[in-house]
Amino acid sequence: MGQSRFDRQVEETAQSAAVVIGRVFAGRDLDGVRRTDASFWRAGTRILPKVEGKVPRRCYRAGWQRLLPRLAVLSGLVEVGYLAARHPETTAETVQELWENPDPVLAALQTGGITAASATAVGGLAYGILGRGRRELRREWVEPLHQALVQPLGIAEQTDPRRYLHIPKNFADDDAEIRVDLPLHLRFSRDVVADIVTQKLALESVSFSWHPAGRKPHVRVKKTRRPPAKAVFQDPKMRELVARAQESAPVIGIGAGGQVVSVDLDAESPHILVNASTGGGKSVTLRTIACQMLHQGSLVFVLDTKRISHPWAHGVDGVTYCRDIADIHDQLIELGQIGRRRTRIADELGIDADPKAIGPRLLILLEEVNATMKQLARYWERIRESGDPKVSPAVDALNEILYMGRQLRMHVLLVAQSATARALGGPEVREQFATRILARYSVNAWRMLAPEVHPAPKSTKHRGRAQVVSGGSARETQVLFFTEAEARQWAATGKTVAAADRPGPAQPQEPPAGSPADARSTSTPELPPATEPPAARALLTGTRNLTPAPAPSSSPAAALGDSTGSVPTTSPVNPVTLNPTPADDDQAVGLRQAHQNHLPDITVAALRTARADDRTFPKPAGKRGAELLYRVGDLKKWARNRPRAATGTTDLD
């Protein structure tokens with residue numbers, strides 16, 4: 001027999017009541033519509049898709065928070081009903097008495113109403129005064145930021161911004177922190193979100209800390225403490241910091257909070273890349289590092305096609321300054337030979353040897369790599385002969401140093417206006433620079449050199465301000481400033497690299513006479529000073545023949561004469577063999593004869609003045625009566641690399 005209509009209504013009513021009771025105790029909305037992502041234990045932060053209309057604040061609360069007031073009301077109703085059922089006579093008498101004599105009740109209600117109204121007015125006034133700042137914050141900053149983030153984050157516009165935007169009233173202060181809860185899907189652009197936050201809140205110099213893991217992804221925004229406006233060496237505190245710096249970790253500058261920014265060339269990064277546009281302080285940065293390294297006893301090689309980047313280093317002991325492209329080419333080849341020789345020495349010494357036993361630390365300053373690499377390629381294209389490799393051996397030598405510089409105590413400081421992979425010789429070469437210093441950079445330059453740090457900090461035109469990128473983080477730094485005189489003075493003081501202080505390392509076995517190891521075991525320094533006497537130069541390379549050679553052939557290398565120097569003829573993978581120098585370069589002549597036959601553009605008076613005042617002027621190679629004699633090749637090299645106009649040219653076009 002089928003159910004009657006009444007029975008069906010009773011059953012449906014019972015089912016509906018059960019559902020409502022279940023929703024009450026589950027802390028859900030009574031209409032059954034789920035509007036937010038709130039659960040029983042967790043408060044909601046997002047409106048669910050396809051929800052229309054305004055969502056009340058109670059929908060964001062966790063289920064247990066909504067259950068508590070419901071239970072309180074229900075328990076009150078149950079208590080009243082229980083008392084009425086337990087004492088029906090007393091309840092009836094009380095109701096009848098109130099009905100017949102309502103004056104006491106009305107007086108009590110009047111007093112209570114006045115008290116409640118007064119409390120409400122005072123509370124409302126206090127809320128209006130105390131909450132004014134919060135309401136202004138929401139109206140002026142939170143709501144506009146919410147409207148801008150709706151589309152990039154992919155959230156509903158009806159979402160209460162206070163649920164995911166945690167912005168304190170003092171968010172512009174240095175120690176304030178802003179938190180933005182992110183959607184779980186993470187399908188948004190970090191750069192876009194970061195730009196919107198900084199622009200809508202008018203923030204400057206902030207750092208973003210992204211936390212995408214877990215069920216509560218978020219990003220924290222903090223203002224970064226700025227470095228000092230300037231950092232000069234003449235400040236006694238800065239001078240003390242530089243004096244206390246480790247030999248392998250020169251001070252680069254001062255970061256946020258007065259922290260010293262430095263890079264350990266042995267433990268962190270053997271090579272440093274400096275990238276900046278014109279006027280960004282590239283030469284100042286190199287000067288800061290180089291003069292400290294010289295003070296600690298290192299040897300510095302300045303390869304400068306601009307010729308005037310580092311006038312402070314001219315004539316400083318321990319500095320080899322090459323300005324002509326031919327000399328830069330030869331110097332890189334010689335440095336590559338030193339690296340290969342040091343590799344053999346390190347292998348013979350073993351893993352327990354003192355790293356300093358391999359020799360003094362070498363610092364190679366390669367200025368304007370964009371122009372230098374092109375000139376090296378054109379120079380080699382002009383002088384190479386049949387059978388020579390297509391790639392310049394100087395470029396190969398530079399790559400060798402970059403790949404194994406840490407163990408060999410050889411470090412490259414490379415300067416570029418645009419450090420593209422093509423300019424440096426490939427992306428694998430650029431990866432050898434674990435530390436990169438960027439100043440006045442473009443967005444493309446930052447994405448190319450520091451893609452692991454995003455969003456990119458805003459570039460500034462503040463003098464001496466740079467970003468030091470290392471270990472996946474960027475530190476805003478005020479680069480330490482040395483004047484020309486201070487850099488020269490600091491480089492000239494401190495440790496000296498005398499011949500007795502830098503002998504070649506002891507060998508496990510006695511090397512045979514005449515071998516390269518035998519030459520290293522002498523007290524002659526491994527590297528030449530700035531003047532490079534012929535004897536020291538011969539000990540340095542181990543391959544150059546300084547004895548008179550046969551007459552030069554008609555090859556392109558010989559045709560260049562004094563501007564080419566020696567030219568390698570084999571691949572730098574094996575020991576490079578240099579062509580013998582022209583016979584006239586080994587002649588010993590006086591200054592007058594040098595002017596007449598070899599340096600017609602330099603007068604005898606200028607040569608004599610340079611001999612007296614220029615510390616890089618070649619040393620005498622002999623004496624004829626009272627007249628000092630000089631090697632022609634040394635005079636030509638000095639003429640090419642002197643700070644004044646050179647006798648030759650570096651224009652290969």
Ring-face cation contact, F433 with R430, 6.0 Å cut, 45° max: no

Does a side-chain heavy-atom distance below 4.5 Å link [X] with [Y]?
| X | Y | value |
| --- | --- | --- |
| Y630 | P620 | yes |
| M293 | L265 | yes |
| I401 | V412 | yes |
| T320 | V302 | no |
| L398 | V429 | no |
| P618 | L635 | yes |
| L362 | V300 | no |
| L335 | F301 | yes |

Closest non-hydrogen atom pair, [X] against [Y]:
| X | Y | result |
| --- | --- | --- |
| P228 | G255 | CD-O, 3.8 Å |
| I333 | A397 | CA-CB, 4.2 Å |
| A466 | V479 | CB-CG2, 4.1 Å |
| C291 | W312 | N-CH2, 3.9 Å |
| I325 | Q375 | CD1-CB, 3.6 Å |
| K282 | A416 | CD-O, 3.9 Å |

How long is the gap from [atom1] on [X] to [atom2] on [Y], to the nearest 0.5 Å?
| X | Y | atom1 | atom2 | result |
| --- | --- | --- | --- | --- |
| L273 | E431 | CG | CD | 11.0 Å |
| L332 | S392 | CG | OG | 8.0 Å |
| Q259 | T477 | CD | OG1 | 10.0 Å |
| T609 | F617 | OG1 | CZ | 10.0 Å |
| D324 | T305 | CG | OG1 | 10.5 Å |
| M410 | T343 | CE | OG1 | 9.0 Å |

Is there a donor-acceptor pair closer than 3.5 Å between any side-chain N or O of [X] and the backbone N or O of [Y]?
| X | Y | result |
| --- | --- | --- |
| R488 | H314 | yes |
| T288 | L480 | yes |
| Q296 | P250 | no |
| Q292 | V251 | yes |
| K637 | C322 | no |
| R436 | I272 | no |
| D304 | I308 | yes |
| E486 | T483 | yes |
| H329 | W380 | no |
| R239 | Q234 | no |

For [X] and [Y], test the side chains for any donor-to-acceptor distance below 3.5 angstrom and give the result as yes or no.
| X | Y | answer |
| --- | --- | --- |
| N275 | Y441 | no |
| H310 | E367 | yes |
| T616 | D614 | yes |

side-chain contact (heavy atoms from CB on, under 4.5 Å) evaluation trace for I254 with V261: CA-CA 6 Å; I254 304 298; V261 178; over 6 Å; no

Output all residues satisfying ring-ring contact (aromatic ring centres under 6.0 Å, His included) with F233, sequence neighbours left out; order by chain, then residue number.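 Here the qualifying residues are F482, W490.
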
Should we say atom [atom1] of [X] is surrounded by more than 12 heavy atoms from elsewhere, each under 6.0 Å from it?
| X | atom1 | answer |
| --- | --- | --- |
| R611 | CZ | yes |
| E484 | CD | yes |
| R190 | CZ | yes |
| Q489 | CD | no |

Please report the C-alpha distance between T372 and L303 in whole Å, then the side-chain angles of each, then the deciding distance to 0.1 Å, and finally whether the side-chain contact (heavy atoms from CB on, under 4.5 Å) criterion is met. CA-CA 9 Å; T372 302; L303 311 181; 6.0 Å; no

Between R361 and D266, does any NZ, NE, NH1 or NH2 come within less than 4.0 Å of an OD or OE carboxylate oxygen?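 So D266 pairs with R361 through a salt bridge.
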
Could you tell me whether E381 and K390 have a side-chain N and a carboxylate O separated by less than 4.0 Å?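 Salt bridge absent between E381 and K390.
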
Once salt bridge (Lys or Arg N to Asp or Glu O under 4.0 Å) is applied, do any residues pair with K230, and if so which ones, sequence neighbours excluded?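 With neighbours one apart ignored, the set is empty.
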
Suppose we screen for salt bridge (Lys or Arg N to Asp or Glu O under 4.0 Å). Which residues come up paired with E240, at least two apart in sequence or across chains?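 If we apply the salt bridge (Lys or Arg N to Asp or Glu O under 4.0 Å) test to E240, skipping adjacent residues, the hits are R244.
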
Yes or no on side-chain contact (heavy atoms from CB on, under 4.5 Å) for M238 and V232, after CA distance, side-chain angles and deciding distance? CA-CA 7 Å; M238 294 304 307; V232 294; 5.8 Å; no

For A474, all residues meeting side-chain contact (heavy atoms from CB on, under 4.5 Å), sequence neighbours excluded: W446, V453, Q467, V469

When the ring planes of F208 and W210 are compared, do they come out parallel, tilted or perpendicular, using 30° and 60° as the limits?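 Rings of F208 and W210: parallel, under 30°.
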
Can you run down the ring-ring contact (aromatic ring centres under 6.0 Å, His included) pairs that involve residues 390-417, sequence neighbours left out, and say none if there aren't any?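 For residues 390-417, and leaving out neighbouring residues, there are no ring-ring contact (aromatic ring centres under 6.0 Å, His included) pairs at all.
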
Set out, in order, the CA-CA distance, both residues' side-chain angles and the distance that settles side-chain contact (heavy atoms from CB on, under 4.5 Å) for V263 and I252, then state yes or no. CA-CA 8 Å; V263 177; I252 298 177; 3.7 Å; yes

Sorted by first residue and then second, give each salt bridge (charged side-chain N to carboxylate O under 4.0 Å, His left out) pair with at least one member in residues 469-480; sequence neighbours left out. R226-E476, R465-E476

